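What follows is one structure encoded as C-alpha cells, with my remarks underneath.
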Amino acid sequence: MQIKFLAFVVLLLAGCASTPTVFNTPLENAPDIQAVMGDEGDKFAGSQVRWGGEVISIKNQTEETWIEVLQRPLKDSGRPRDVESEGRFYIKVAGFLEPKEYNEGSAITAVGRLSGYVTQKVGEFDYRYPVVEVAKEDQRL
C-alpha cells in the first residue's frame, strides 16, 4: 500500500531517514498543547497543529486507529526533544496501523487538525486528551 494523505496531513516516525518539509516547518499561529489544554481550548477546534512525543499505546478499532502520545516539544527538524512533557494527546487515523510499527516508547510526530477531546482515565484521574485527526487513504509501513 502507499501512503496518501489529504493536504499535507501526515504521520512520521522519528526513525525515518529524511524528514518531509512539513515537519521541519513550524505552522504559523498553531496552538501549542498548553493552550489547547487551557480553559479556552475549545476555541482551537479545527486548528492545524504539529505535535510530537512518545507513543504510550496504540489501539486499533473497527475503522480507525488511536495512538496515545506523551507530548514532547519538537526540535526544528520536527522530531520530539528529550525534555519534560507538557501533556498527553491522541492521534486518530482512519484505518489500521500496525502496532509493531508504533510500539511503546517510539518517537512520533503528527500534523493534523484538532477534532475535539476524549476523556480517559490515567490511573484514577480523568484526563482530557486533545485529539489530532490525521486523515489518510492508504497506509504503507
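Here the structure is a predicted model, which means the values were calculated and not measured. Note that the numbering runs from 1 along the sequence shown for the chain.
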[X]: partners by salt bridge (charged side-chain N to carboxylate O under 4.0 Å, His left out), with sequence neighbours left out:
| X | result |
| --- | --- |
| K59 | none |
| R128 | D42 |
| D39 | none |
| E104 | none |

Has the side chain of [X] got a donor or acceptor atom that lies under 3.5 Å from a matching backbone atom of [Y]?
| X | Y | result |
| --- | --- | --- |
| S106 | V55 | no |
| R113 | G46 | yes |
| E54 | G105 | no |
| S85 | Q71 | yes |

Legend entry - Residues in side-chain contact (heavy atoms from CB on, under 4.5 Å) contact with P99, at least two apart in sequence or another chain: I58, N60, F96
Inset, instruction - State whether the number of non-hydrogen atoms from other residues, nucleotides or ligands found under 6.0 Å of E84 atom CD is greater than 12. - result: no
Under the rule for side-chain hydrogen bond (donor to acceptor under 3.5 Å, both in side chains), what residues qualify as partners of [X], not counting sequence neighbours?
| X | answer |
| --- | --- |
| S115 | E133 |
| S57 | E68 |
| K100 | none |

Inset, instruction - Would you list the pairs meeting ring-ring contact (aromatic ring centres under 6.0 Å, His included) in which at least one residue belongs to residues 47-67, sequence neighbours left out? - result: W51-F89, W66-Y90
Inset, instruction - Would you check, one step at a time, whether the test side-chain contact (heavy atoms from CB on, under 4.5 Å) holds for I108 with I67? - result: CA-CA 10 Å; I108 191 167; I67 303 172; 3.9 Å; yes
Inset, instruction - Go through the structure and list residues passing ring pair (Phe, Tyr, Trp, His ring centres under 6.0 Å) with F44, not counting sequence neighbours. - result: none
Inset, instruction - Please identify each residue that fulfils ring pair (Phe, Tyr, Trp, His ring centres under 6.0 Å) with Y117, with sequence neighbours left out. - result: none
Inset, instruction - Specify the closest pair of heavy atoms between K121 and E124, including all atoms of both residues, with the distance to one decimal. - result: NZ-O, 3.5 Å
Legend entry - Minimal non-hydrogen separation, P80 against T109, with atom names: CD-OG1, 3.7 Å
Inset, instruction - Verify the cluster assignment for V122 and V118: are they in a single hydrophobic cluster under the rule of side-chain heavy atoms below 4.5 Å apart? - result: yes
Inset, instruction - Start with the C-alpha distance between V111 and V134, add both sets of side-chain angles, then the distance that settles side-chain contact (heavy atoms from CB on, under 4.5 Å), and finish with yes or no. - result: CA-CA 7 Å; V111 176; V134 176; over 6 Å; no
Legend entry - Hydrophobic cluster partners of V83 (side-chain heavy atoms under 4.5 Å): none
